[in-house]
Amino acid sequence: QVQLVESGGGLVQPGDSLTISCTASGYTFASKIMGWFRQAAGKEREFVAAIAWSDSHTNIANSVKGRFTISRDNAKSTLYLQMSSLKPEDTATYYCARASVLYLAGRSKHYDRWGQGTQVTVAA
């Protein structure tokens with residue numbers, strides 16, 4: 001069955017960098033657009049980034065543009081989110097997701113499989 005497993009979250013200080021990962025199984029990873037979303041306590045789930053089948057096309061939310069980079073390694077069936085210059089407002093549970101559409105969608109309804117999430121906390 002399809003599984004998405006995030007890892008790499010943790011507690012960091014403002015201004016730090018952190019990379020989180022998502023390992024996929026149960027389907028051909030390279031055939032699907034992938035995305036990252038996040039959800040802070042008491043808030044709705046928010047789009048962060050999406051990446052096409054290769055690294056050549058990405059869609060990054062304005063709130064993290066210039067600080068976050070999405071990438072993938074199809075040989076390892078792994079999705080990455082490199083986060084730099086982290087701010088307290090980046091604190092959230094981060095989820096990877098598999099797109100059910102053929103474009104870099106920014107809405108959660110266009111994703112059909114989700115990981116369990118990894119917590120990222122940015123605090124002094």
Side-chain angles (χ1 to χ4, degrees):
Q1 71 277 20
V2 174
Q3 281 195 312
L4 300 174
V5 180
E6 300 95 336
S7 61
L11 172 64
V12 297
Q13 295 188 337
D16 281 356
S17 298
L18 185 70
T19 297
I20 57 177
S21 304
C22 170
T23 301
S25 61
Y27 72 102
T28 303
F29 178 74
S31 69
K32 293 290 189 179
I33 288 171
M34 298 294 295
W36 285 103
F37 287 74
R38 66 184 182 184
Q39 188 167 20
K43 296 188 176 181
E44 292 188 354
R45 192 165 295 190
E46 172 190 24
F47 171 75
V48 175
I51 187 167
W53 304 272
S54 67
D55 275 349
S56 60
H57 294 91
T58 61
N59 178 16
I60 309 293
N62 288 333
S63 58
V64 303
K65 193 169 292 184
R67 300 189 298 120
F68 288 15
T69 301
I70 186 171
S71 62
R72 65 192 297 164
D73 185 336
N74 289 335
K76 295 182 179 180
S77 297
T78 301
L79 179 72
Y80 302 99
L81 186 67
Q82 298 170 268
M83 304 178 286
S84 63
S85 302
L86 282 161
K87 306 175 182 180
E89 51 264 43
D90 294 318
T91 295
T93 300
Y94 284 73
Y95 299 90
C96 70
R98 186 185 77 170
S100 58
V101 296
L102 300 179
Y103 56 90
L104 299 173
R107 303 178 70 177
S108 59
K109 69 176 185 179
H110 294 133
Y111 292 79
D112 62 358
R113 292 291 188 273
W114 295 81
Q116 83 289 347
T118 187
Q119 177 67 35
V120 174
T121 302
V122 185

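In this text the structure is predicted, and so the values were computed from the model without any measurement. As a basis for the values below, the full set of heavy atoms in this structure was taken, side chains included, without hydrogen atoms, waters or symmetry mates.
- In the displayed structure, Glu44 atom CD is contacted under 6.0 Å by at most 12 heavy atoms of other residues, nucleotides or ligands.
- Looking only at side-chain heavy atoms (C-beta outward), Leu11 and Gln119 stay at 4.5 Å or farther from each other.
- In this view, Lys65 and Asn62 satisfy the side-chain hydrogen bond (donor to acceptor under 3.5 Å, both in side chains) rule, not counting sequence neighbours.
- In this structure, CD1 on Ile60 lies 6.5 Å from OG1 on Thr69, to the nearest 0.5 angstrom.
- Judged purely by atom type and a 3.5 angstrom limit, Ser21 has no side-chain atom pairing as donor or acceptor with the backbone of Tyr80.
- Taking CZ of Arg72 as the reference point, atom OG of Ser77 lies at 9.0 Å (rounded to 0.5 Å).
- Linking ILVMFWY side-chain heavy atoms closer than 4.5 Å, directly or via other members, places Phe29 and Ile20 in a single hydrophobic cluster.
- The structure places CE of Met34 at 12.5 Å from CG of Leu104, a figure rounded to the nearest 0.5 Å.
- Minimum heavy-atom separation, Leu4 to Arg113: CD1-O, 3.4 Å.
- With contacts defined as side-chain heavy-atom distances shorter than 4.5 Å, the pair His57/Ile33 does not qualify.
- Under the 4.5 Å side-chain heavy-atom criterion for grouping Ile, Leu, Val, Met, Phe, Trp and Tyr, Met83 is connected to Val122 within one hydrophobic cluster.
- Remark: side-chain polar atoms of Asn74 are paired, donor with acceptor, to backbone N or O of Trp53 under 3.5 angstrom.
- Across every non-hydrogen atom of Leu81 and Trp36, the tightest pair is CB-NE1, 3.5 Å.
- A pairwise comparison of heavy atoms in Val2 and Gly26 identifies CG2-O, 4.0 Å as the closest pair.
- One finds the OG atom of Ser63 at 9.0 Å from the NZ atom of Lys87 (value rounded to the nearest 0.5 Å).
- Here the side chains of Pro88 and Pro14 are in contact, with some heavy-atom distance below 4.5 Å.
- Residues Phe37, Phe47, Tyr95, Trp114 make up the rest of the hydrophobic cluster containing Tyr111, defined by ILVMFWY side-chain heavy atoms closer than 4.5 Å, directly or through other members.
- In this structure the side chain of Arg67 reaches within 4.5 angstrom of the side chain of Asp90, judged on heavy atoms.
- Separating the CD atom in Gln39 from the OG1 atom in Thr93 is a distance of 7.5 Å, to the nearest 0.5 Å.
- Nearest approach of Arg38 to Ala92, heavy atoms of both residues: CB-CB, 3.8 Å.
- Summarising the geometry of Ser31 relative to Thr28, their closest heavy-atom pair is OG-O, 2.6 Å, with the distance given to 0.1 Å.
- Of all heavy-atom pairs spanning Gly117 and Glu6, the tightest one is N-OE1, 2.9 Å.
- The structure places SG of Cys96 at 9.5 Å from CD1 of Ile70, a figure rounded to the nearest 0.5 Å.
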